[in-house]
Amino acid sequence: MGVAFSLAVVGVLILAITLAVEVLGLRFLVGAVLPYVAVAVFLGGMVYRLLGWGRSPVPFRIPTTGGQQRSLPWIKPSSLDNPSSTAGVIGRMALEILLFRSLFRNTKAELHGGPHLAYHWEKWLWLGALVFHWSMLLVVIRHLRFFTDPVPSFVYWVEGIDGFLRVGLRALYLTDITLLLGVTYLLLRRFFIPQVRYISLPGDYVPLFLLLGIGLSGVLMRYFVGVDVAAVKELALGVLTFRPRIPEGIGVLFYIHWGLVCALLAYFPFSKLVHMGGIFLTPTRNLPNDSRARRHVNPWNYPVKVHTYEEYEEEFREKMKLAGIPVEKE
Amino acid sequence: MKIPDMRYIITGIVVFLVVMTFPFWYNIGKAASAPQVSLDTPRIREMAEPQCVEPASYMRANHMRLLEEWRDRVVRGGERTYVAGDGKEYLMSLQNTCLDCHSNYDEFCALCHDYAGVAPDCWTCHLEFPRESK
Ligand code: HEM
């Protein structure tokens, strides 16, 4: 159900773009209006989400971490898994964001013959996620050649390293293969692991189908169909310099690629993909676990009116004495 | 309500916006249009109606595929003659055909490749052409 619905969503998107470009001739709408809307929604939405998270109070440290907390000097603390200093937190965040460390700890729980619960080594999700995200990053960096004039030299370096394999005369980009393999794995995982399938919703499938659509249309353009890249760059730079125009001779396949990217951008802040920003604001990752060393006062505590024993005795001393109740000060 | 970490979050948001809008501010003031490649070569000037091996629109998107086909047919098939869509015959050669007409490498191939960010490595083996730009 979720799969069919999500496929339909992406299918309708592709059909709508094709219709708009091929039949209705709305190239300007798809090529030059849509991207502005998408980028505005993306940036505005992300800022809105980040500010929203930023405003949520995090009154105390949440020590759900996998390691020994810093305590007595002779007990070895686990300074990356359970950091107590800012430097440690930066280390933990870097490992999390660059290497997906907490995903690396993923295990698979299984019941064996009745009451025996076993945890299995399970690194495939970590590997698949890592391969996909890094490939995506490199593909996007290589795409900077469409968005910059002159093209910065680091884009050529990435192209050179990524494209050291050849297909025919031209570079076969490794990241194209790994990107598609990564997305396919992440999708098949949702199809074939029953527990994961059970909890998968359209919100999980739609981003994957969108990415698959973007990757496949890009690969088709580069290796199979052919596209006038100089014209594409003219279109992209036109949008980027706020002088949009639609050059002749760009095929519909490019508009599909472009339209799906716009859809992805606009959908980003409202989907699970916001984890791109959310990871930075995750309280269990970005706070040093120093609750025992420092006192953290809840920021929205109002000043509580207290009546101390001394004040109480001051007020009732005479009455207490009369009633024979012992007092501290005579 | 005081939010002690807000300044980090604001800094993060600013960094995010600056990085994400890189293509916008990098290109401020650039012309953005594709370079006008020059067709002003002796061989093309001689032609009554200048035309490429295949139609120009096809060449723009697919000249690398054509070159690949030529390379395979010459090196692997031992053929040398290419019959174009309009029946004309061409010798399948990068240097002796393409660069015979397009002998202005720097104002033609290289100009467009620099714009599109491609760096074909053919010239490590095939004849070198003068390149001022690199
Ligand atoms: C989410 C962002 C995007 C992803 C993941 C993506 C992915 C891909 C992939 C995997 C390819 C295959 C070839 C290669 O890697 O160079 C490709 C090609 C291509 N993409 Fe994208 N793309 C994205 C955004 C864009 C945008 C915004 C444009 C607009 C200029 C664009 C234009 C192209 C073109 C023209 C090609 C063909 C390149 C060639 O023939 O060499 N892509 N894309």
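Keep in mind that what you see is a predicted model, and the values were worked out from it rather than measured. So that the names make sense, note that chain A is the first sequence line, chain B the second, and so on, each numbered from 1.
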Requested in this report: Measure B:I28 against the heavy atoms of chain A and call it side chain, backbone, both or neither at under 4.5 Å.
Outcome: neither
**Report entry** Geometric cation-pi criterion, B:K30 with B:Y26: 6.0 Å, 45°
**Finding:** yes
Report summary line: If one checks every heavy atom of B:L67 against chain A at 4.5 Å, the contacting part turns out to be both
Query raised in the report: Is it the backbone or the side chain of B:D121 that comes under 4.5 Å from a heavy atom of chain A, or both, or neither?
Result: side chain
Query raised in the report: Do the ring centers of A:H133 and A:F100 come within less than 6.0 Å of each other?
Result: yes
Requested in this report: Side chain from CB out, backbone as N, CA, C, O: work out which of these in B:N62 comes under 4.5 Å of a heavy atom of chain A, or both, or neither.
Outcome: side chain
Requested in this report: Measure distances from B:S57 to the heavy atoms of chain A and classify the residue's part below 4.5 Å as side chain, backbone, both or neither.
Outcome: neither
**Report entry** Worked verdict on A:S84 versus A:N289 for side chain to side chain donor-acceptor pair (under 3.5 Å)
**Finding:** CA-CA 5 Å; A:S84 57; A:N289 185 11; over 6 Å; no
Report task. Just give me the residue among A:L43, A:V229, A:V39 that pairs up with chain B most often, heavy atom to heavy atom, under 4.5 Å. Result -> A:L43
Query - B:F16 portion near chain A, given a 4.5 angstrom heavy-atom threshold - result: side chain
Query raised in the report: Is there a donor-acceptor contact under 3.5 Å from the side chain of A:K233 to the main chain of B:Y115?
Result: yes
Requested in this report: Find out whether the Lys NZ or Arg CZ of A:R142 is both under 6.0 angstrom from the six-membered ring centre of A:Y173 and within 45° of the ring's axis.
Outcome: yes
